[in-house]
Trainee: 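Sharing a structure, written as C-alpha cells. Questions coming.
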2 protein chains.
Amino acid sequence: MLSTPSPHREQILATATRLFFEQGYTITGVNQIIAESSVARQTFYHHFPSKEALCAAYLDARGADWIEALRRAGNGRRSARGVARGLFGYVEELAIETHFRGCGMLNMASEFADAGSAVRERVRVHKSAQRALMRELFLPFGVDGPLTDQIHVLVEGAIAGAASLLNVEPIHDALKAAEGLLKKAGRDERR
Amino acid sequence: MLSTPSPHREQILATATRLFFEQGYTITGVNQIIAESSVARQTFYHHFPSKEALCAAYLDARGADWIEALRRAGNGRRSARGVARGLFGYVEELAIETHFRGCGMLNMASEFADAGSAVRERVRVHKSAQRALMRELFLPFGVDGPLTDQIHVLVEGAIAGAASLLNVEPIHDALKAAEGLLKKAGRDERR
DNA sequence: ACCTAGATAGACAAGTCTGTCTACGTCTGC
DNA sequence: GCAGACGTAGACAGACTTGTCTATCTAGGT
C-alpha cells in the first residue's frame with residue numbers, strides 16, 4: 001500500500017513544490033516535473049493519476065508546512081507583541097528568500113477561477129487553519145478572537161503587499177499596525 | 001496615429017480584460033480573445049504585436065480604472081472613518097460581484113515569477129500609486145503617512161483574505177482594524 | 001475608374017500540452 | 001527458476017499554443 005513512503009513520490013512532490021511555487025501551476029508542465037525529478041513518465045502517472053492530483057498533494061503538503069513554520073515562528077514568546085514580532089519577522093525572512101514570490105496557496109488559487117473548485121476549497125481550508133493558528137498563538141496573552149482575525153488580515157496583507165511592491169515595507173507597516181492594535185486592546189482592557 | 005481610438009482595439013482590450021481577470025493570463029489563449037472579440041487574427045496582431053503587449057495594455061487600463069474607482073469610493077466623506085468605510089465598502093461590493101476573484105493586478109503578478117519582469121514592475125508602480133491614493137484620501141483628516149500605509153496593508157489583506165476564505169469576513173475585520181487604528185491615532189493626538 | 005489601406009478568413013509552422021501506450025529491464029518473494 | 005511488481009525509455013495521439021503567411025474583400029480618396 002501507500003504505507004511505505006515511496007522515495008520517487010517524494011522526489012516528484014519536492015520537484016513539483018519547487019516548480020509550482022517558483023513558476024506557477026499552468027506554466028509548469030508535467031514534462032518539466034518528470035525531467036527534473038529524474039523519473040520515468042510512467043512512474044509519475046503511477047503516483048499521481050493527473051497533474052491536478054499532484055496539485056492537490058502539493059497544496060496539502062505546502063499548507064501543512066507553512067502552518068507549522070508559522071507556529072514555530074510565533075511560539076515561545078513572552079507577550080502578544082512578541083508573537084507578532086515572531087510572525088512578521090518570519091514573513092519578512094521568507095519574502096526576501098523567495099524574492100517576493102508571495103503566498104504559494106494564494107498564487108495557486110489565482111490560477112483557479114472557479115470558486116467551487118477543489119483547489120479553491122483546499123486553499124480556503126488552509127487559510128481557515130491559519131486563522132485558527134492566530135487564535136492559538138495569541139490566546140495565552142488574553143487577545144480575543146476578533147483581534148486575532150484582524151492580525152490575520154495584516155499577515156495576508158503583508159505577504160501580498162510585499163509581493164506587489166517588491167520590498168519589505170508593507171511587512172513593517174503590518175507589524176506596526178498589529179502592535180498598535182494590541183496596545184490599544186491592552187489599554188481598552190485596563191479601562 | 002493612435003490619436004483616434006480604434007473601436008477594434010477597444011473591443012480586444014475589453015475582451016482581454018474580462019478573460020484575463022476571470023480566467024488568468026496563461027490559461028487564456030489569444031485564439032479565445034480573438035474569437036470572443038469577433039475580429040480577425042491579423043487585426044489583433046495589428047493592434048497588439050504580442051500577447052505580452054496586450055497584457056501590458058490590460059494592466060495599464062485596469063490599474064487606472066481601479067485607482068479611479070477607489071478614489072470615488074473614498075471621496076466626499078466627512079471623516080477618516082468615513083473614508084475607511086467607503087473604501088472597504090467598495091472592496092466588499094467588488095469581492096461579491098467578482099465571486100472572490102481577488103485583485104487582478106496581484107493575480108497577474110503571480111503568473112510572472114521573475115521579479116524583474118515588466119509585468120511585475122507595472123504592478124509595483126500600480127500598488128505604489130494605490131499607496132499614494134491612501135495618503136491623498138486621508139490627508140484632509142490629519143492622518144499621517146505611516147498610518148495610511150498601514151491602512152493600505154489592510155486593504156490588500158482584505159482583498160487577498162476574501163479571495164482565500166471565499167467570504168467577506170476578512171474585509172469586515174480589516175475595516176474594524178482600520179477604525180481601531182484611526183481611533184487610537186486620534187486619541188494619541190489629543191494627549 | 002483606379003489605387004491604397006485596412007479588414008477578413010483561414011492555412012500554416014513549429015512547438016507545447018496532458019495522458020496513454022508498448023517494449024524492455026531489474027529486483028524480490030516464493 | 002520464475003511470476004509479478006516496479007522501473008525505464010520513448011513513441012504516440014490529439015489537442016492546443018503563439019505568431020506568420022497568403023489571398024480575398026471592401027471602403028474612401030482622387
Trainee: To the nearest angstrom, how far is B/Ile12 atom CD1 from D/dG19 atom P?
Mentor: 14 Å
Trainee: Indicate whether the side chain of A/Thr28 and that of A/Gln23 have a donor and an acceptor atom separated by less than 3.5 Å.
Mentor: yes
Trainee: Whole Å only: how far is the NE2 atom of B/His46 from the P atom of D/dC21?
Mentor: 16 Å
Trainee: Over all strands shown, is A/Thr28 touching base, sugar-phosphate only, or nothing at heavy-atom distances under 4.0 angstrom?
Mentor: sugar-phosphate
Trainee: Whole-Å distance between C/dC17 P and A/Ile34 CD1?
Mentor: 11 Å
Trainee: Please check: side-chain N/O of A/Asn107 versus main-chain N/O of A/Arg101, any donor-acceptor pairing under 3.5 Å?
Mentor: yes
Trainee: The side chain of A/Asn31 lies closest to which of these nucleotides: C/dC17, D/dT18, D/dG7?
Mentor: C/dC17
Trainee: What's the closest nucleotide to the B/Lys51 side chain, out of D/dT8, D/dT20, D/dG19?
Mentor: D/dG19
Trainee: Taking the six-membered ring where the residue is Trp, are the ring centres of A/Tyr25 and A/Tyr58 under 6.0 Å apart?
Mentor: no
Trainee: Around atom CD of B/Glu52, are there more than 12 heavy atoms from other residues, nucleotides or ligands closer than 6.0 Å?
Mentor: no
Trainee: Rounded to the nearest angstrom, tell me the gap between atom CD1 in A/Ile27 and atom P in C/dT18.
Mentor: 12 Å
Trainee: More than 12 heavy atoms of other residues, nucleotides or ligands under 6.0 Å from CD of B/Glu136: yes or no?
Mentor: yes
Trainee: From the options C/dG19, D/dT20, D/dG7, select the nucleotide whose nearest atom is closest to the side chain of A/Tyr45.
Mentor: C/dG19
Trainee: A/Glu52 has an atom CD; how far is it from atom C1' of C/dT18, in whole Å?
Mentor: 12 Å
Trainee: Using whole Å, what does the distance between atom P of nucleotide C/dT18 and atom CD of A/Gln42 come to?
Mentor: 16 Å
Trainee: Of the listed nucleotides (D/dG19, C/dT18, C/dT8), which one gets closest to any side-chain atom of B/Arg41?
Mentor: D/dG19
Trainee: From D/dG19, C/dG19, C/dA7, pick the nucleotide closest to the side chain of B/His8?
Mentor: C/dA7
Trainee: In whole angstrom, what separates B/Phe44's CZ from C/dA9's P?
Mentor: 15 Å
Trainee: For C/dG6, take OP1 and OP2 only and decide whether either is under 4.0 Å from a side-chain N or O of B/Thr43.
Mentor: no
Trainee: Without decimals, in angstroms, what is the distance between A/Gln32 CD and C/dC17 C1'?
Mentor: 13 Å
